[in-house]
Amino acid sequence: MEGGLPVGDAPPRPLIVALGGNALLPKRSRGRLEDQWRATRAAAEHVAQLAGSGQPLLVVHGNGPQVGLELQRAALTEAALPAVTVDMAVANTQGALGYSLARALGDALAARGLERPVAALITQVLVAADDPAFRAPDKPIGPWLTAEQAETLRREQGWTLVALGPEPRGWRRLVASPQPLAVLELPAIRSLLATGTVVVAGGGGGIPVQRKGSRLEGVAAVVDKDRTAALLAQDLSAAGLLIATDVRGVALHYGQTDESWPRRLTVAEAEALLAGEALGAGSMRPKVAAALAVARAGGRAVICHLEAMAEAWAGEAGTEVGG
Ligand code: ADP
Ligand code: MG
């Protein structure tokens, strides 16, 4: 064949890195921007170590702490400024974190002499209106509320609220965490990856949208970024999914005296863990489920500490599922 790729030459399979929102804003920092920049630059250094081989690279990131701050800020200004909806709060954090990561990654790549462009994409994910998660919202979001505020918001806005804390510390809003069905910007992600661009997409799990007739509508929900990363890994036939977080992998008997950190879980072992109660419901469980989905589809899947990404991809750190 003249010009272009020989017939049958498939594009190289991308590596997907999922960065934890907590890893980008350490829990102790109380949301200070300089802490977020420091953590983002550190994360970017570790991602840049993976970019040298020229392998297509897609970064998905969380936004848990950041979206919490965004909604808290909105609550503090509610008497003076218009309200912020959850989909807008996700979009705002996706934009701000996308900018931070793109800038930090660009700097980290340039410092290594790597001429790879970086682009952060605003990403919407389609969720189903009849997803069972909407019948039992379980993700606390936004500021702590008094019982009186909670009652008003339940009555006037139809919010689901829950009293939380050892002694009732207060009330929180609960939103659903539905399954992502499709990433709407998938063709754009594919095109950018094919040009060698390091892509940041699916931030915060993506902005959840639903189809309403011929239009899309934002939804008051949050999508777990590990689920979105797994969906992208499957859609893009990824070579691997590296889930970088604030612990070194998957622990057995987590937090107990006989805690251990296996370097490998077979598919059957991961299935058994998911069938039990040993994994944190909104934390380690979606990571193991995501890793399992990728392993079943023939990719490598490793859960590791943010600072051990390169070692984990080299098979020297983290917990690898399958293989
Ligand atoms: P991220 O922002 O990276 O998604 P999460 O807080 O959602 O971070 O998930 C990581 C957390 O999962 C760890 O900090 C740990 O407290 C928790 N966790 C729950 N169960 C386990 C387990 N079995 N092994 C390791 N970590 C676990
Ligand atoms: Mg998480």
Side-chain angles (χ1 to χ4, degrees), residues 16-29 31 35-36 39-40 42-44 46-47 59-70 90 93-94 97 100-101 125 133 138-141 175-180 200 202-206 208 221-233 241-265 269-294 301-309 312 317-321:
I16 300 185
V17 176
L19 297 177
N22 289 312
L24 296 178
L25 187 63
K27 285 181 181 111
R28 63 183 181 283
S29 91
D35 292 335
Q36 182 159 300
T40 305
H46 294 293
V47 175
V59 179
V60 178
H61 62 84
N63 72 342
Q66 295 84 358
V67 83
L69 283 171
E70 182 78 13
V90 174
T93 61
Q94 199 186 76
L97 287 167
S100 318
L101 268 169
V125 291
D138 63 354
K139 202 81 184 161
I141 193 167
V175 295
S177 186
Q179 280 289 347
V200 180
V222 290
V223 176
D224 195 287
K225 64 103 179 42
D226 297 316
R227 286 176 165 174
T228 302
L231 178 63
L232 283 165
L241 172 63
L242 212 47
I243 303 181
T245 184
D246 57 358
V247 287
R248 70 176 119 137
V250 184
L252 303 179
H253 309 285
Y254 181 60
Q256 297 165 36
T257 47
D258 56 345
E259 176 183 282
S260 64
W261 299 85
R263 290 288 314 285
R264 192 174 286 279
L265 293 172
E269 285 166 340
E271 282 168 348
L273 270 178
L274 285 168
E277 302 288 319
L279 302 170
S283 56
M284 193 46 72
R285 177 174 293 275
K287 296 185 202 313
V288 173
L292 183 60
V294 171
V302 196
I303 298 165
C304 65
H305 194 276
L306 180 80
E307 285 165 12
M309 273 191 270
T319 303
E320 181 150 358
V321 175

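In each ligand, atom 1 is the first atom listed, and ligand 1 is the first ligand listed.
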Kindly say whether [Y] contributes a backbone atom to a donor-acceptor pair with the side chain of [X] at under 3.5 angstrom?
| X | Y | result |
| --- | --- | --- |
| Arg248 | Ile303 | no |
| Thr228 | Gly205 | yes |
| Glu320 | Arg264 | no |
| Ser177 | Val223 | no |

What is the closest protein heavy atom to [atom], and at what distance does it sit?
| atom | value |
| --- | --- |
| atom 1 (P) of ligand 1 | Lys287 NZ, 3.4 Å |
| atom 6 (O) of ligand 1 | Asn22 ND2, 3.2 Å |
| atom 26 (N) of ligand 1 | Met284 CE, 3.4 Å |
| atom 11 (C) of ligand 1 | Ser283 CB, 3.8 Å |
| atom 15 (C) of ligand 1 | Tyr254 OH, 3.2 Å |
| atom 3 (O) of ligand 1 | Thr245 OG1, 2.7 Å |
| atom 23 (N) of ligand 1 | Ala251 O, 3.0 Å |

Between [X] and [Y], what is the shortest heavy-atom contact and its length?
| X | Y | value |
| --- | --- | --- |
| Leu25 | Ala39 | N-CB, 4.4 Å |
| Thr319 | Val250 | OG1-N, 2.9 Å |
| Lys225 | Val60 | O-CG1, 3.9 Å |
| Ala43 | Leu19 | CB-CD1, 4.3 Å |
| Val321 | Ala291 | CG2-CB, 3.7 Å |
| Glu259 | Ala251 | CG-CB, 4.1 Å |

**Message:** Using the rule side-chain contact (heavy atoms from CB on, under 4.5 Å), only one of Val288, Val17, Asp226 pairs with Ile243; which is it?
**Reply:** Asp226
Enumerated ligand 1 atoms positioned under 4.0 Å from heavy atoms of [X]:
| X | answer |
| --- | --- |
| Lys225 | 1 (P), 4 (O) |
| Gly21 | 2 (O) |
| Gly249 | 25 (C) |
| Ala278 | 23 (N) |
| Gly280 | 19 (C), 20 (N) |

Give the contacting part of [X] toward ligand 1: side chain, backbone, both or neither, where contact means a heavy-atom distance below 4.0 Å.
| X | answer |
| --- | --- |
| Pro286 | neither |
| Asp246 | side chain |
| Arg285 | neither |

**Request:** Measure the distances from the heavy atoms of Gly64 to every atom of ligand 1 and state whether one is below 4.0 angstrom.
**Result:** no
**Request:** Please determine if Leu279 has a nitrogen or oxygen closer than 3.5 Å to a nitrogen or oxygen of ligand 1.
**Result:** no
